[in-house]
**Q** 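Would you mind keeping the following structure in view while I ask a few things?
Hydrogens, waters and symmetry mates are skipped; everything else that's a heavy atom, side chains included, is used.
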Amino acid sequence: MSRLLSKLSPIMHKSMRVRSFSSSMTGPYMSLSLKVNPSPGGVNMGKVLVFDPAKEELLEFTDKTIPEEVIMTKATGASKGWAFFSDPQDSCILITDVVNPWSCKSNPKIFTLPPLTPLPSCQTDVIWSVAMSSCPDDDQDWVVGIKSLGDQLSFCRPRRDLRWTKITTPPDFFPTSNLMYSKKDGKFYLTGPGGHHLLSYDPRFKKSDKPEFHELQFRNFPESFKYDSEQSELFPSSCRTERLVESASGDERFLVKWYAKGCLDSRKISYETQRIMVFREEETTEGRFMCYTDDIGDMCIFVSKGEAFCIPASSFPGLKPNSIYFIGFGVGVYDLSTRTVSSFEAPKGALNLPWAPYWFPPSSS
């Protein structure tokens, strides 16, 4: 009997068909489910189901070798096409390309990192966000960063030292900040509450090192948005999160402010995306500014619980330029020019969230 780690996600339209693939492809995608056929004493074979946002269709990749280590683990994050899992038995961190449908079918890569241990007055059971300086097979100086819910940030350089370097962020100031790595600066960044501040960490960190504090200055903020945003922040059933994201080349950097409204449904509050604002970083003779824009050109930005990324829409026909693809407060696309949300619909009876709520960037075998 096969073991199903997840049911189908809601992001498929009722008319969508599932297509099977065995050859390599490229394109951004969302991993929906991993179905494993256990083989006692043998190799576990399975298939990966993903959603292609460009074609708005489900793709099924068969005959994947599924490592035994990941079958009972919990997905905790994603960065640069690699998924992070936490082992509930020994709390080890696993980093693997097994959910990448275009990775090697017969020999998926997996890296095991030691368990996270908390600093005094901190916790590491709940992982909030993850980021990597590069892909594991690209760089001997590969650095892994993990932000726990609360005040702890942990770094590891797996190819040089498997011990974690544990850092305390400013108390109660960055508890739900999202971690990202900047190719442009060669630093890790944490966004502060409201996106008004950043903390940056050099990958060649030492425990005694202090992060660099950056106060962001904003320009071109629309008055109508300013009023509505202030109201949203005061409204108890609304919430907001921020993402710092960089183009693949490192030439452009954006701050994304993502607002959601709470809706009471069956005695619980669910959140739906209400507005997304984007600020482009611009350097002038007066300093560095975050300038509001509703035009990011051919770019589209992907935000989820994984590390955010952006790609040119023209490279993947079907993607909508000048848009934000999101997973979290619903699943859909936000058009920056029209300020409208288009949600991907779910078939009746589907789960409300995918198994791994992450966008993965384009890749190939």
**Q** For Q217, enumerate each residue passing the side-chain contact (heavy atoms from CB on, under 4.5 Å) test, keeping only those at least two apart in sequence or located in another chain.
**A** F289
**Q** Going by ring-ring contact (aromatic ring centres under 6.0 Å, His included), name the residues that satisfy it together with F218, two or more places apart in sequence or in a different chain.
**A**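 Residues passing ring-ring contact (aromatic ring centres under 6.0 Å, His included) with F218: H196, F279.
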**Q** Restricting to pairs with a member in residues 298-326, which pass salt bridge (charged side-chain N to carboxylate O under 4.0 Å, His left out), not counting sequence neighbours?
**A** K80-E307
**Q** Can you sort out the partners of D90 under side-chain contact (heavy atoms from CB on, under 4.5 Å), two or more places apart, ordered by chain and number?
**A** D87, C92
**Q** Sequence neighbours left out, what passes side-chain hydrogen bond (donor to acceptor under 3.5 Å, both in side chains) with W258? Give chain and number order.
**A**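 W258: side-chain hydrogen bond (donor to acceptor under 3.5 Å, both in side chains) contacts with T273.
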**Q** In chain order, what residues pass the side-chain hydrogen bond (donor to acceptor under 3.5 Å, both in side chains) check against S154, with sequence neighbours excluded?
**A** Q152
**Q** Show me the pairs that pass salt bridge (charged side-chain N to carboxylate O under 4.0 Å, His left out) and involve residues 179-200, at least two apart or across chains.
**A**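 Applying salt bridge (charged side-chain N to carboxylate O under 4.0 Å, His left out) to every pair that reaches into residues 179-200, excluding sequence neighbours, yields K184-E281, K184-E283, D185-R253, K187-E212.
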**Q** Taking only residues two or more places apart in sequence, or in another chain, which ones meet P361 in a side-chain contact (heavy atoms from CB on, under 4.5 Å)?
**A** F309
**Q** Restricting to ring-ring contact (aromatic ring centres under 6.0 Å, His included), what partner residues turn up for W142, sequence neighbours left out?
**A** F111
**Q** Please tell me if the side chains of S121 and D151 come closer than 4.5 Å, counting only heavy atoms from C-beta onward.
**A** no
**Q** Can you list everything that forms a ring-ring contact (aromatic ring centres under 6.0 Å, His included) with Y29? Sequence neighbours excluded, please.
**A** W102, F360
**Q** Name all residues meeting the salt bridge (charged side-chain N to carboxylate O under 4.0 Å, His left out) criterion together with D251; count only those two or more places apart in sequence or in a different chain, and write none if there are none.
**A**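 If we apply the salt bridge (charged side-chain N to carboxylate O under 4.0 Å, His left out) test to D251, skipping adjacent residues, there are no hits.
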**Q** By side-chain hydrogen bond (donor to acceptor under 3.5 Å, both in side chains), which residues pair with T338, not counting sequence neighbours?
**A** D335, T340
